Novice: 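Right, I'll just put the structure down here and ask away after.
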Amino acid sequence: KTAWLSEQLRMPLTYSHLNYLREFEATAGKEACEQTAYEAIWQNFLFGSDQLRARVAFALSEIIVISNIAPDQNTWALASWMDMLYRNALGNYRTLLEQATLHPAMGYYLNMLGNDRENPAEGYRPNENYARELMQLFSIGLVRLNPDGTPTLTASGATQPTFDQSIVEGYAQVFTGWNFAGNDTTTDDDFYWPQVENWIDPMVPWPKRHSPGAKKLVDGIVLPAGQPPHKDLADALDSLFNHRNTGPFVARRLIQFLVTSNPSPEYVARVSARFDDNGSGVRGDLGAVVQAIL
């Protein structure tokens with residue numbers, strides 16, 4: 001088992017779902033459809049040599065979730081999304097969080113795509129969907145955790161929330177001003193009505209559509225007013241990636257999707273410790289986390 005695991009962890013990324021779609025169109029002489037994207041996934045699941053990477057990517061797809069049946073989503077979005085998961089399956093969780101955040105499939109599914117800055121005069125506030133899901137499903141969860149994944153309780157035995165509505169609003173403001181790549185980011189027209197729908201490349205920012213004010217985040221962090229969109233986004237993702245909850249929260253879910261649905265606190269603690277430090281001072285090393293799980 002150890003030899004196989006070491007071989008799989010060293011195996012380079014070679015498979016591309018996007019290339020499968022391109023080769024299909026070149027040989028079949030017709031456009032790829034949703035079924036073709038499914039074929040691309042299953043071909044490697046069944047016949048690929050990189051089974052560990054494929055299995056971890058599938059587990060991650062059940063943690064950081066998009067919809068493959070969203071009505072206006074392009075077929076190429078799912079293939080591109082799976083390529084992104086494959087790239088990061090044995091990489092670093094911080095990189096995965098950023099690439100998932102900026103992927104147009106995620107932007108479409110959880111409403112970051114075209115999410116506009118607040119307009120108090122018209123009663124408009126930024127959409128909170130991605131801010132909520134990023135915290136409660138993709139990183140820190142709803143309650144404060146011990147390193148073994150059990151809730152941190154007060155003296156009276158109550159759980160402690162990780163965030164409140166004001167923090168949701170702060171992250172919602174962070175995730176404003178982004179839309180499809182390939183458009184003119186200096187004009188509001190292309191922000192509200194993009195001429196190009198690029199479902200493959202990361203979303204890009206419209207600085208004028210980004211919330212300019214200070215933003216309240218977890219653990220008392222406040223982003224200063226006037227930061228550009230990329231800086232706000234990087235700081236916000238860092239705040240969640242470095243949160244004490246992220247190691248046990250992610251560790252438990254990966255164990256559940258790779259090994260067992262009800263892991264012991266001791267098991268979670270061992271894997272969480274590897275998330276916090278891979279043995280070389282690196283946080284979020286998914287290859288090391290998967291090795292600890294298996």
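Just so we're clear, the structure is a prediction, and the values are computed from it rather than from any experiment.
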Novice: How would you list all residue pairs meeting side-chain hydrogen bond (donor to acceptor under 3.5 Å, both in side chains) that involve residues 21-32, not counting sequence neighbours?
Specialist: Asn19-Arg22

Novice: Tell me, please, which residues at least two apart from Tyr86 pass ring pair (Phe, Tyr, Trp, His ring centres under 6.0 Å).
Specialist: His17

Novice: Tyr130: which residues meet the side-chain hydrogen bond (donor to acceptor under 3.5 Å, both in side chains) condition with it, sequence neighbours left out?
Specialist: Thr101

Novice: What residues form a ring pair (Phe, Tyr, Trp, His ring centres under 6.0 Å) with Tyr171, not counting sequence neighbours?
Specialist: none

Novice: Is it true that Asp277 and Arg283 have a side-chain N and a carboxylate O under 4.0 angstrom from each other?
Specialist: no

Novice: Is the shortest heavy-atom distance from the side chain of Phe175 to the side chain of Asn111 under 4.5 Å?
Specialist: no

Novice: So that I can tick it off, tell me whether Asp190 and Arg209 are bridged by a salt bridge, with the cut-off set at under 4.0 angstrom between side-chain N and carboxylate O.
Specialist: no

Novice: Using the side-chain hydrogen bond (donor to acceptor under 3.5 Å, both in side chains) criterion, which residues pair with Asn88? Sequence neighbours excluded.
Specialist: Gln99

Novice: Phe45: which residues meet the ring pair (Phe, Tyr, Trp, His ring centres under 6.0 Å) condition with it, sequence neighbours left out?
Specialist: Trp42, Phe58

Novice: Taking CD in Gln195 as the centre, count heavy atoms belonging to other residues, nucleotides or ligands within less than 6.0 Å. Is the count above 12?
Specialist: no

Novice: Sequence neighbours excluded, which residues qualify as salt bridge (Lys or Arg N to Asp or Glu O under 4.0 Å) partners of Glu128?
Specialist: Arg125, Arg132

Novice: List for me each residue that meets side-chain contact (heavy atoms from CB on, under 4.5 Å) alongside Leu142, sequence neighbours excluded, and say none if there are none.
Specialist: Gln136, Phe163

Novice: When you check the gap from the basic side-chain N to the acidic O, do Glu266 and Arg270 get nearer than 4.0 Å?
Specialist: no

Novice: List in chain and number order the residues that pass side-chain hydrogen bond (donor to acceptor under 3.5 Å, both in side chains) with Asn119, two or more places apart in sequence or in another chain; answer none if no residue qualifies.
Specialist: none

Novice: Can you name the ring pair (Phe, Tyr, Trp, His ring centres under 6.0 Å) partners of Phe191, sequence neighbours left out?
Specialist: Trp206

Novice: Mind checking what makes side-chain hydrogen bond (donor to acceptor under 3.5 Å, both in side chains) contact with Thr185, not counting sequence neighbours?
Specialist: none

Novice: Identify each donor-acceptor pair in which a side-chain atom of residues 74-81 lies under 3.5 Å from a protein atom, sequence neighbours left out, and give them as a table.
Specialist:
from  : atom 1 : to     : atom 2 : distance (Å)
Asn74 : OD1    : Trp76  : N      : 2.7
Ser80 : OG     : His103 : NE2    : 2.9
Ser80 : OG     : Ile200 : O      : 3.2

Novice: When you check the gap from the basic side-chain N to the acidic O, do Asp235 and Lys231 get nearer than 4.0 Å?
Specialist: yes

